[in-house]
Amino acid sequence: MKKIKLFLGAYINSTNAQNINCLALAKYLDKNMFDLYALELYSGNLQNESIEGVSVFRCFYPHKLSKYIAYLWGIWKCDVAYLPKGELDSWNKFWLKLFRKKSFKTVEGIYDDKNLASAIDHKGSYKKFIDSFAYFDKVYSITQYLKEYNLKHHKIKSESKILYLGSDVEIFMNLNKSPNVLTNIIYIGRLFKRKGIYDLVEVAKKFPNLNFHIVGEGSEGKIFELLIEREKLLNIKLYGRLSHTELSELLKTMDLHLFPSRSEGFPKVTLETAAAGVPSVVYSDYGASEWITDHNNGFVVDTLDEMKETIQELIDDPKSLQETSKNAIAMAKQFDWKVLVKEWEEEIIALVEEEN
């Protein structure tokens with residue numbers, strides 16, 4: 001079969017969810033089947049080595065100009081364009097149509113009130129937001145719950161096939177993890193109210209004998225620090241941002257991951273901690289039961305009180321934590337990019353083979 005030329009429309013040298021996903025695809029897609037094209041930023045914070053089989057257009061200063069050239073380059077080169085970032089919709093639509101190139105997109109967020117307001121602000125209007133999904137040959141959702149929610153509330157249609165996002169779980173894998181007692185709980189994420197960090201404070205108050213480790217930064221970081229000081233919560237430690245290597249080392253000493261956000265698409269941090277044998281306690285609001293089975297490979301709760309009750313259960317029954325830790329590792333393996341990339345390959349090939 002002739003190699004498929006695939007344009008990964010994201011900046012693979014910069015930290016961002018869509019960029020990191022495209023970097024993983026660049027690494028793991030079969031180079032015997034695909035020639036790959038991707039973008040980089042002149043100011044990217046990741047120092048990636050060149051990847052065999054991947055051609056890169058490095059955007060120059062000013063980016064607001066060079067990105068137009070970059071996307072044109074990628075669309076001109078490819079047979080299929082994967083454009084997950086929602087950047088330059090009108091520009092990309094024009095060239096895709098002119099050059100008669102196939103394209104697809106992933107829907108990666110639940111457009112509830114807060115996320116919808118941000119999307120409309122970015123696109124300029126609700127109509128432009130909806131239209132931004134319409135010019136692709138295929139649109140895929142990254143979870144079933146997300147697919148059903150966005151179809152019901154916004155008439156955003158996506159394929160019946162779910163394209164799950166993977167993670168480089170080997171970085172975090174800890175097959176020897178076997179927690180004896182619940183001692184250390186970790187939170188990884190942005191320090192925003194909408195990420196539920198103040199629920200974490202309430203949990204820390206409830207369990208003064210447990211240690212809470214906060215990894216991340218954000219606009220409310222200073223407010224959060226002042227709150228911790230005012231409440232005299234000596235059991236909370238702040239780390240700021242950590243590299244993957246630093247986080248992997250820290251996770252070796254953690255027993256449980258607390259993720260109190262109520263609005264997510266597919267939080268891959270639950271896969272990374274699971275790979276380290278650190279199961280997650282999450283809220284059910286965004287369909288986490290699709291990949292986390294409650295009291296099996298993690299814990300899914302509806303309320304803050306249930307979150308506290310779950311932690312108390314694990315204090316009282318350490319063997320339950322050990323079993324969940326083992327199952328969490330098995331779950332993470334299923335979402336390794338090396339495994340999931342096969343499904344992406346199949347969908348891309350099917351798209352190329354479809355009649356125009």
Side-chain angles (χ1 to χ4, degrees), residues 15-17 45 109-110 112-118 121 172 179 181-244 246-270 272-274 276 278-286 288 292 298-316 321:
T15 302
N16 163 276
N45 65 314
I110 292 174
D112 54 16
D113 291 343
K114 291 180 181 178
N115 291 334
L116 181 61
S118 176
D121 183 61
F172 303 96
V181 62
L182 180 58
T183 304
N184 293 298
I185 296 177
I186 190 168
Y187 166 89
I188 306 166
R190 302 290 286 170
L191 300 185
F192 295 140
K193 181 179 180 180
R194 65 182 178 84
K195 289 293 185 180
I197 57 172
Y198 298 108
D199 279 7
L200 185 145
V201 169
E202 294 304 312
V203 175
K205 288 180 184 178
K206 172 71 174 178
F207 300 100
N209 293 326
L210 297 180
N211 301 314
F212 293 81
H213 304 258
I214 313 300
V215 177
E217 53 191 23
S219 60
E220 296 173 42
K222 290 296 182 182
I223 297 173
F224 191 62
E225 287 183 43
L226 290 172
L227 175 62
I228 292 171
E229 291 178 9
R230 189 179 72 235
E231 298 288 344
K232 298 181 180 179
L233 293 172
L234 302 179
N235 60 336
I236 292 181
K237 182 177 180 179
L238 301 175
Y239 291 81
R241 179 184 292 184
L242 298 181
S243 69
H244 276 174
E246 293 168 330
L247 180 58
S248 178
E249 285 300 310
L250 181 61
L251 284 172
K252 291 177 181 178
T253 65
M254 297 296 110
D255 307 307
L256 190 67
H257 172 225
L258 205 63
F259 192 73
S261 174
R262 288 190 175 274
S263 179
E264 294 291 328
F266 184 72
K268 292 198 296 179
V269 66
T270 60
E272 294 164 353
T273 59
V278 182
S280 297
V281 184
V282 302
Y283 283 128
S284 62
D285 301 49
Y286 48 89
I292 296 176
F299 306 91
V300 183
V301 300
D302 294 322
T303 66
L304 176 58
D305 285 341
E306 287 184 11
M307 185 172 281
K308 294 175 183 177
E309 290 167 6
T310 296
I311 292 172
Q312 187 61 57
E313 288 176 17
L314 296 175
I315 293 172
D316 297 337
L321 182 60

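In this chain, numbering begins with 1 at the start of the sequence shown.
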Practice item. Verify, without hydrogens or angle tests, whether Asn235 (side chain) and Phe207 (backbone) share a donor-acceptor contact under 3.5 angstrom. Key: yes
Check your understanding: When rounded to the nearest 0.5 angstrom, what distance separates CD1 in Ile236 from CD1 in Ile228?
Key -> 4.5 Å
**Study point:** Value rounded to 0.5 Å, distance of CD1 in Ile188 from NE2 in His213
**Key:** 11.5 Å
Exercise for review: Quick one: closest heavy-atom pair of Leu304 and Glu202, and the distance?
Suggested key: CD2-CB, 3.9 Å
Practice item. Would you confirm whether Asp255, through its side chain, and Thr183, through its main-chain N or O, come within 3.5 Å as a donor-acceptor pair? Key: yes
**Study point:** Heavy-atom closest pair, residues Pro279 and Gly298
**Key:** CB-CA, 4.2 Å
Exercise for review: Calculate, to the nearest 0.5 Å, the distance between atoms CD1 and CG belonging to Ile223 and Leu191 respectively.
Suggested key: 10.5 Å
Exercise for review: Using modelled atom types only, decide if a donor and an acceptor are shared between the side chain of Asn115 and the backbone of Ile110 within a distance under 3.5 Å.
Suggested key: yes
Practice item. Determine whether the side chains of Thr15 and Asn45 contain a donor N or O and an acceptor N or O closer than 3.5 Å. Key: yes
Check your understanding: Considering only heavy atoms from C-beta outward, does the side chain of Ile185 approach that of Leu200 to under 4.5 Å?
Key -> no
Check your understanding: Heavy atoms, side chains only, cut-off 4.5 Å: are Phe212 and Leu233 in contact?
Key -> no
Check your understanding: Does some side-chain heavy atom of Ile186 sit less than 4.5 Å from a side-chain heavy atom of Leu247?
Key -> yes
Practice item. Verify, without hydrogens or angle tests, whether Ser284 (side chain) and Asp302 (backbone) share a donor-acceptor contact under 3.5 angstrom. Key: no
Check your understanding: Got Tyr286 and Phe266 here, is their nearest side-chain heavy-atom distance under 4.5 Å?
Key -> no
Review point. Mind checking whether Tyr187 and Phe259 have parallel, tilted or perpendicular rings, split at 30° and 60°?
Key: parallel
Exercise for review: For the pair Thr310 (side chain) and Glu306 (backbone), establish whether a donor and an acceptor sit closer than 3.5 Å, ignoring hydrogens and angles.
Suggested key: yes
**Study point:** Test salt bridge (charged side-chain N to carboxylate O under 4.0 Å, His left out) applied to Lys195 and Glu264, step by step
**Key:** CA-CA 9 Å; Lys195 289 293 185 180; Glu264 294 291 328; 2.6 Å; yes
Exercise for review: Measure the CD-CD distance between Gln312 and Glu309 for me, rounded to the nearest 0.5 Å.
Suggested key: 9.5 Å
Study note, to complete from the structure: Partner of Val281 under side chain to side chain contact (heavy atoms under 4.5 Å, CB included), picked from Val300, Val203, Leu258, is Leu258
Review point. Hey, is the main chain of Val215 close enough, under 3.5 Å, to the side chain of Arg241 for a donor-acceptor pair?
Key: no
